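Written below as C-alpha cells is the structure these notes are about.
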Amino acid sequence: MFGQGISNISVKQMLWRGKVAKGSFAFLCGGVAAFIFPPFVSSVFGYVALIFFLAILFEPNRSKKSLFWLAYAFGFSFYGVSFAWICNALLIDGQKFLAFVPAVFLAIGAFFALFWALPALALSWGKNIYAKALFFCCVFVVFEWIRSFIFTGFPWNLLGTALSFDARLIQGTAYVGTYGLSLLLLLMLSGAAIWVRQIFSCRFDSKALIFIFVPLLVLGGFALGYQPLQKGDFRVRLVQPSIPQTFKWNKQMAEDNFHQYINLSKSKPLDNVRLVVWGETASPFYLDRDAAHLREITEAIPENGFLITGLLRVGMENGQIVPFNSMFVIDKQGYIRDYYDKSHLVPFGEYLPLRDYLPRFMEPVANVVGDLGRGEKFKNIQVAELPLMGGAVCYEVIFPKGVVNPLQKPELLIVVANDGWYGISAGPYQHLAAAQMRAVEEGITVVRSANTGISAVIAPNGEVYGRIELNKVGISDVELPKKLSHFTLYNRYGNLLPLFMVVFCILWGVAISKHSSAK
C-alpha cells in the first residue's frame, strides 16, 4: 500500500510537470509569435511558434480547462509582447510612473489573453480535428471583432495585419476586410499545425492540405487584382519635425516647436505643392483665437494652397467649455476653412473612465489626464478647392469601418498623428500598418503626417510611399495617386462579408462533425 502511494504521487508529479512544461512552452511560443507583426514581419520564427502552439492546442481529448489555460498562457505573452510599447507612455515623464510599468504590462497580458483563451474553448465543440480547427478559427475572428468595441475598443494588431508587409497580400481586405484576412491566415496556420501533428504521429491525411491551400488560393486570387500605383499631379508636403514628447508641451519651447514646423515647411520651394500637412497637435496655440500665430502660419502655406494642422481648439460640450483634439484646414490668407474634431478618444489618455470612482493610489495618474471633448463621428472636411476629405486623429485609424463616412465617402483620408508616446518601439510601425489596412479596405488614399513616428502616403492599393522614417526630421513631397479612391465591397457591405465567411466555416465544421459521428 505504501508503494502504491509513492506510485500515485509520482504519477501526479509527472502529470503536473507535463502541464507546467506545456504551459511554459505555450507562453514562450506566444512571445515569439508576436513577431509576426510589424516591424518584424520578415521573420519566419513567429509563424513557426504559432504553428507549434496550435499543434499542441489541437491535441485530442483536451479538457476545456486545459484548452483555456494553455491558450491563456500563449495569449498572455502574445499580446504582452506585441502591446509592450504601451508601457513607454508611462516613461515619458522619466521615473514618475515607473512603478506602474509592471502592473500595466501584467494587466495588458491578463486581459487580452482572454481573446485567445475563450476562442480555444470552441475546440471542444468539434468531433474531429478538422471541425475543431474550423470552430476555433471562426470564434477567434468573432473575438477580434468584439475587441474592436468592448470597453471602447482596441483592434490593434488584428491577425490579418501581419500580411501588411506586402501590398499584394492584403488586397483581400478590399473584399472581406481585415477580419476576413485574419480568418484566412488562421485557417492556413491551423492546417499547417494539423500537418505537423500528423508528421510526428507518422500518419498523413491529405485533408489537412485543404486548410492550407484553399485559403492560399483565395489570397492568391485577391493578389491578382493588385494594380500598380499610378501617380497624379496633386502634390502634398508631409512635415515631420520629430519633436520629443518631453519637449512638445514644454511652455518655454512652444515658440521654437511652432517655428520648427514653419521653417521645415518652407525649407524647399512650395511651388506645385497643393497641401502641406502637419501632425497631431502640431500647433501649441489655439489658432482660432490667436490672430498673431495664425498670420505666422501662412508662411508655411503655398500660394493657392492649404495647410492642415493638428491642434487643440476650444469648444462647447454639454454646456461647458472644453478642448477638442482637432485639425484645421487653413488657406494662404489665414482663413480657417474647415475643421475636424477627434471623435474616438483614448481612454486614460484623452479622458479618464470612472474618474470619480478611482482608488486613491491612482490619483497621480488621474491628475495628469484631462477630459477632451468628443467630436462628430464621420464628419467630412469640405473645402471647395480640394477633394472631399475625411479626418482621423492618431489612433482613430485602427478601427475597421470606423473612419470613413459610410453615407458620403471622401476621396482622401487625412491622418494626423503623434507616435512620440511609443518611443523607439514596434508601436509606430504597427500604427502605420493599421492605416495601410484601412486604405485597402475602404479603397481610399491615406495621407498620414506624424509629429514623431512614420509619415507617409498610402495608396488605395496599400502601397506605402513618400515615407519619413521613425525619428527622422524632414519633409517629403509626394504626388498622390491619379485615382484617389475606388469602390470596394468592404466599403459597401462592411463586416457582412467576413461574417458570411465565419458562418460558412461554422456550417462546414458542423457538417464535418455530423459526418464523423455517423461513422
Side-chain angles (χ1 to χ4, degrees), residues 12 14-27 29-30 33 49-79 109-147 150 159 179 182-198 200-201 203 205 207-208 210-212 214-215 498-499 501-519:
K12 289 179 180 179
M14 290 174 63
L15 290 172
W16 172 250
R17 288 173 182 172
K19 290 177 181 178
V20 170
K22 287 180 180 178
S24 300
F25 182 74
F27 185 85
C29 285
L50 189 43
I51 289 168
F52 273 89
F53 161 70
L54 291 174
I56 291 176
L57 192 68
F58 291 170
E59 185 177 298
N61 302 319
R62 281 200 179 279
S63 67
K64 290 182 179 180
K65 183 178 179 180
S66 174
L67 289 170
F68 179 90
W69 288 112
L70 200 63
Y72 191 87
F74 175 88
F76 192 103
S77 58
F78 180 77
Y79 288 120
F111 174 71
F112 287 103
L114 294 171
F115 292 89
W116 276 95
L118 293 175
L121 296 176
L123 284 159
S124 63
W125 302 346
K127 300 298 183 182
N128 61 39
I129 195 167
Y130 301 109
K132 290 175 182 289
L134 284 167
F135 292 144
F136 167 71
C137 292
C138 291
V139 176
F140 178 86
V141 171
V142 169
F143 270 80
E144 278 207 325
W145 170 70
I146 291 172
R147 185 154 63 89
I150 190 171
L159 195 63
Y179 299 120
S182 293
L183 180 58
L184 292 170
L185 179 57
L186 192 55
L187 285 170
M188 282 195 297
L189 295 172
S190 297
I194 294 170
W195 198 23
V196 166
R197 288 197 60 81
Q198 292 175 347
F200 278 99
S201 62
R203 290 183 298 175
D205 185 349
K207 289 195 289 292
I210 295 175
F211 276 73
I212 300 173
V214 169
L499 176 62
M501 291 174 62
V502 166
V503 171
F504 175 81
C505 288
I506 287 176
L507 293 176
W508 185 16
V510 170
I512 291 174
S513 287
K514 286 186 176 180
H515 179 71
S516 179
S517 300
K519 289 185 177 180

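Fair warning: this is a prediction, and the values are worked out from it, not measured in the lab.
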Checklist entry - Among Phe25, Phe27, Phe74, Phe58, which one satisfies ring-ring contact (aromatic ring centres under 6.0 Å, His included) with Phe53? => result Phe74
Item to check | Heavy-atom pair with the smallest gap, counting every atom of Ala73 and Gly23 | outcome: CB-O, 3.7 Å
Next on the checklist: Strictly distance-based, threshold 3.5 Å: is any side-chain N or O of Tyr72 a donor or acceptor partner for the main-chain N or O of Ala110?
Outcome noted: yes
Checklist entry - Which pair of non-hydrogen atoms, one from Ala133 and one from Ile194, has the smallest distance, and what is that distance? => result CB-CD1, 4.1 Å
Checklist entry - From Ser513 OG over to Tyr130 OH, what is the distance, rounded to the nearest 0.5 angstrom? => result 13.0 Å
Checklist entry - Counting N and O atoms only, with roles assigned by atom type, does the side chain of Lys132 sit under 3.5 Å from a partner on the main chain of Leu123, one being a donor and the other an acceptor? => result yes
Item to check | side chain to side chain contact (heavy atoms under 4.5 Å, CB included) assessment of Leu118 paired with Phe68 | outcome: CA-CA 7 Å; Leu118 293 175; Phe68 179 90; 3.9 Å; yes
Next on the checklist: For Ser190, run the side-chain contact (heavy atoms from CB on, under 4.5 Å) check against Leu185, Leu54, Leu134, Leu50 and tell me which one passes.
Outcome noted: Leu54
Next on the checklist: Can you give me the closest heavy-atom contact between Leu114 and Pro119, atom names plus distance?
Outcome noted: O-CD, 3.6 Å
Item to check | For the student: nearest non-hydrogen atoms of Ala131 and Gly126, plus distance | outcome: CB-CA, 3.9 Å
Checklist entry - Can you name the nearest heavy-atom pair linking Ala26 to Ser77, along with the distance? => result O-OG, 4.4 Å
Next on the checklist: Quick check for you: to the nearest 0.5 Å, what is the distance between Phe136 atom CZ and Leu121 atom CG?
Outcome noted: 10.5 Å
Next on the checklist: Check whether Glu144 reaches the backbone of Ser182 with its side chain - one donor and one acceptor, N or O, closer than 3.5 Å.
Outcome noted: no
Checklist entry - Crowded around Phe140 CZ? As in, over 12 foreign heavy atoms under 6.0 Å? => result yes
Checklist entry - How about Cys505 and Leu183: do any of their side-chain heavy atoms sit closer than 4.5 Å? => result yes
Next on the checklist: Quick test of your reading: applying side-chain hydrogen bond (donor to acceptor under 3.5 Å, both in side chains), list the pairs with at least one residue in residues 116-125, sequence neighbours left out, ordered by first then second residue.
Outcome noted: none
Item to check | Derivation and outcome, side chain to side chain contact (heavy atoms under 4.5 Å, CB included), residues Arg147 and Phe112 | outcome: CA-CA 9 Å; Arg147 185 154 63 89; Phe112 287 103; 3.8 Å; yes
Checklist entry - Please walk me through it: do Phe143 and Val139 pass side chain to side chain contact (heavy atoms under 4.5 Å, CB included)? => result CA-CA 6 Å; Phe143 270 80; Val139 176; 3.7 Å; yes
Checklist entry - Given Phe211 and Cys137, is the side chain to side chain contact (heavy atoms under 4.5 Å, CB included) satisfied, shown in steps? => result CA-CA 11 Å; Phe211 276 73; Cys137 292; 5.8 Å; no
Checklist entry - Just how far is it from atom CD of Glu59 to atom CD1 of Ile129, taken to the nearest 0.5 Å? => result 10.0 Å
Checklist entry - Can you name the salt bridge (Lys or Arg N to Asp or Glu O under 4.0 Å) partners of Arg197, sequence neighbours left out? => result none
Checklist entry - What closest approach, in Å, do Arg62 and Ile56 show between heavy atoms, and which atom pair accounts for it? => result NE-O, 3.1 Å
Next on the checklist: Going by the rule ring pair (Phe, Tyr, Trp, His ring centres under 6.0 Å), which residues pair with Phe504 if we only count those two or more places apart in sequence or in a different chain?
Outcome noted: none
